[in-house]
Amino acid sequence: MSPRPAARCAAIGSSPTVALSDLVRELRARGADVLDVGGGDPDFDAPAHVLEATARSVLAGFTHYTPSRGVPALRAAVAEKLAADNGIKVDPDHEVLVTPSSKHALFAALMAVLDPGDEVLLPTPSWVSYQAMARLAGATPVPVPLTASDGFRITAGRLATAVTARSRALVLNTPNNPTGHVVDEREAEEIVAFAGRHDLVVIVDEIYEKIVFGGARHLSVASLPGAAERTITVNGLSKAYAMPGWRLGYAAGPAELVAAMLTVHQHTVACAGSFAQQGAVAALTGPQDAVTAMTAEYAARADAVVTALNALPDITCGRVEGAFYAFPDISATASPDCREFARRLLAEESVAVTPGVAFGPGGQGHLRISLTSSRPVLAEVVARIARVAQRDRRHAGVIGGASPFR
Ligand code: PMP
Ligand code: GLU
């Protein structure tokens, strides 16, 4: 008899974004020429001074375990950054935890906060792993459906439809993957007041903080009056500094919750990578011009892609305020099921996109296009999306399922 894996793993399944990136790697290794706008890995390299600091620390033998909360210099850099950029004041010795990836910080936060049977409010569409992590913690994710028509705003009214006596936490992501929405001040105040009324812990994933465009301004929920005592802020180096391979993130929040996260962390990873932490110190304390340059390029790509998509018949795409994804609505095409659209794009046009429904039921009918490819590649992706939509329209006309005049 072969060993049986735990039911929780079968119930959760693989990460759609990570599995798609693995599939693309596999297809490319077999010689396929795939345009990959599926995953969220920046196409830039980390700044040179970060590479040098990381390499120097390896060569100097900084290759052992570190203090489990993170090296003091990095915790100090994080506390300074949070004060300067985010208006969040934390004690680096008790209220900061350095983690191997922001993914692990989120997991430790959910494990530290949730008891089995608790409910977590998840405004959706939302990044694929929150609901999986909540389930791993034995809790129940409760989607709070948002709508494209008002730019995916979170309101107290919407949260009220999902909250119950068992609700224990709310997970926010701003700027948002996949919708591109950036929470504004009025929205943040409403969320904080709601969390206070229902005694919720707010876990805010700010990993795309630096990648905001045009008029949008990132606001940290924990900086609002009365929010810090119930908010865990999570951030990381993967996106802003193009450092996903360092697997480096951090969390800041009330000392008691950070101590509970430390328990999860000490028993699962002990500490973040030693030389990765030195690279992170260089990233946070060194020149920030690479971050500005990458963000400017993402902004130009967002503009170009949104404009090109909106010029296509039957496809609409909202403004991207932040993060690096376009999230067009393809539900008016003759192939309204986004999973099927994505499957056909890969099979017929060798383009990998993530179907919107991977981000919860609110994402049905959308595709997520990662803006981590050059503008010419993105233009080609849009052209291929147009071809699939066109082909669908012609077939629909011939088959007679839908009006050829739509
Ligand atoms: N949060 C969001 C919203 C993301 O898109 C990602 C990307 N993987 C992460 C967290 C995790 O980032 P990392 O683990 O690389 O720090
Ligand atoms: N955050 C990226 C994405 O959404 C990377 C993959 C992942 O960790 O989910 O595609």
Side-chain angles (χ1 to χ4, degrees), residues 12-25 36-44 46 70 74 78 97-110 122-134 136 152 171-183 203-212 218 232-252 265 268-269 272-273 276-277 279-280 283-284 298 320-327 342 352-360 363 366-373:
I12 291 167
S14 56
S15 156
T17 47
V18 175
L20 182 61
S21 294
D22 284 349
L23 173 66
V24 169
R25 280 189 201 98
D36 179 19
V37 291
D41 188 348
D43 56 326
F44 303 103
L74 180 52
V78 165
L97 179 64
V98 173
T99 54
S101 81
S102 65
K103 220 171 197 171
H104 190 75
L106 289 160
F107 179 64
L110 289 163
L122 270 188
T124 149
S126 65
W127 178 54
V128 297
S129 289
Y130 304 132
Q131 56 86 21
M133 291 176 185
L136 286 170
F152 299 103
V171 179
L172 287 183
N173 172 215
T174 179
N176 188 272
N177 170 12
T179 67
H181 175 60
V182 176
V183 166
I203 299 169
V204 194
D205 178 352
E206 304 194 353
I207 195 163
Y208 295 98
E209 167 201 4
K210 298 286 179 191
I211 306 169
V212 288
H218 173 73
I232 299 174
T233 302
V234 172
N235 208 327
L237 285 285
S238 296
K239 313 295 176 176
Y241 298 94
M243 295 168 62
W246 272 252
R247 309 308 299 126
L248 214 286
Y250 56 89
H265 176 85
T268 51
V269 290
Q277 292 186 60
L284 292 179
Y298 291 132
V320 183
E321 297 173 310
F324 47 52
Y325 306 97
F327 199 55
V353 295
T354 309
V357 75
F359 304 92
H366 289 73
L367 302 177
R368 191 192 73 170
I369 300 170
S370 177
L371 304 172
T372 53
S373 291

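Remember, it's a predicted structure, so these values are computed and weren't measured experimentally. Counting begins at 1 with the first residue of the sequence. Note that ligands are numbered from 1 as they come in the structure, with each ligand's atoms numbered from 1 the same way.
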(request) Report yes if Ser238 has an N/O atom closer than 3.5 Å to an N/O atom of ligand 1; otherwise report no. (result) yes
(request) Among all protein heavy atoms, pick out the one at the shortest distance from atom 7 (C) of ligand 1; state its residue, atom name and that distance to 0.1 Å. (result) Lys239 NZ, 2.9 Å
(message) Lys210: which residues meet the salt bridge (Lys or Arg N to Asp or Glu O under 4.0 Å) condition with it, sequence neighbours left out?
(response) Asp85
(request) Could you pull out the closest heavy-atom pair between Ile232 and Ala109, with the gap in Å? (result) CD1-CB, 4.1 Å
(request) Heavy atoms only: give me the nearest Ala323-Pro175 pair and the separation to one decimal. (result) N-CB, 3.6 Å
(request) Report the part of His104 (side chain from C-beta onward, or backbone N, CA, C, O) that has a heavy atom under 4.0 Å from ligand 1; answer both or neither where that applies. (result) neither
(request) Starting at CD1 of Ile203, measure out to CG of Leu106 and round the result to the nearest 0.5 Å. (result) 7.5 Å
(request) Would you tell me which option among Val234, Asp205, Thr17, Asn173 has the nearest heavy-atom contact to atom 1 (N) of ligand 1? (result) Asp205
(message) Starting from atom 16 (O) of ligand 1, what is the nearest protein heavy atom, named by residue and atom, and what distance separates them?
(response) Ser102 OG, 2.6 Å
(request) Please confirm whether the backbone N or O of Ala272 pairs with a side-chain atom of Gln277, one donor and one acceptor, at under 3.5 Å? (result) yes
(request) Would you please write out the protein residues whose heavy atoms approach any atom of ligand 2 to under 4.0 angstrom, listed by chain and number? (result) Thr17, Val18, Gly39, Gly40, Lys103, Trp127, Asn177, Tyr208, Lys239, Tyr325, Arg368
(message) With heavy-atom distances below 4.5 Å as the criterion, would you say the side chains of His104 and Thr268 are in contact?
(response) yes
(message) Parallel, tilted or perpendicular: which one describes the rings of Trp127 and Tyr130, with boundaries at 30° and 60°?
(response) perpendicular
(message) I need the nearest protein heavy-atom contact for atom 14 (O) of ligand 1: residue, atom name and distance, please.
(response) Arg247 NH2, 2.9 Å
(message) Heavy-atom pairs closer than 4.0 Å: do any link ligand 1 to the side chain of Tyr130, the backbone, both, or neither?
(response) side chain
(request) Compare all side-chain heavy atoms of Pro42 with those of Phe324 and state whether any distance is below 4.5 angstrom. (result) yes
(message) Ring centroids only, cut at 6.0 angstrom: are Tyr325 and Tyr208 within range, meaning strictly under it?
(response) yes
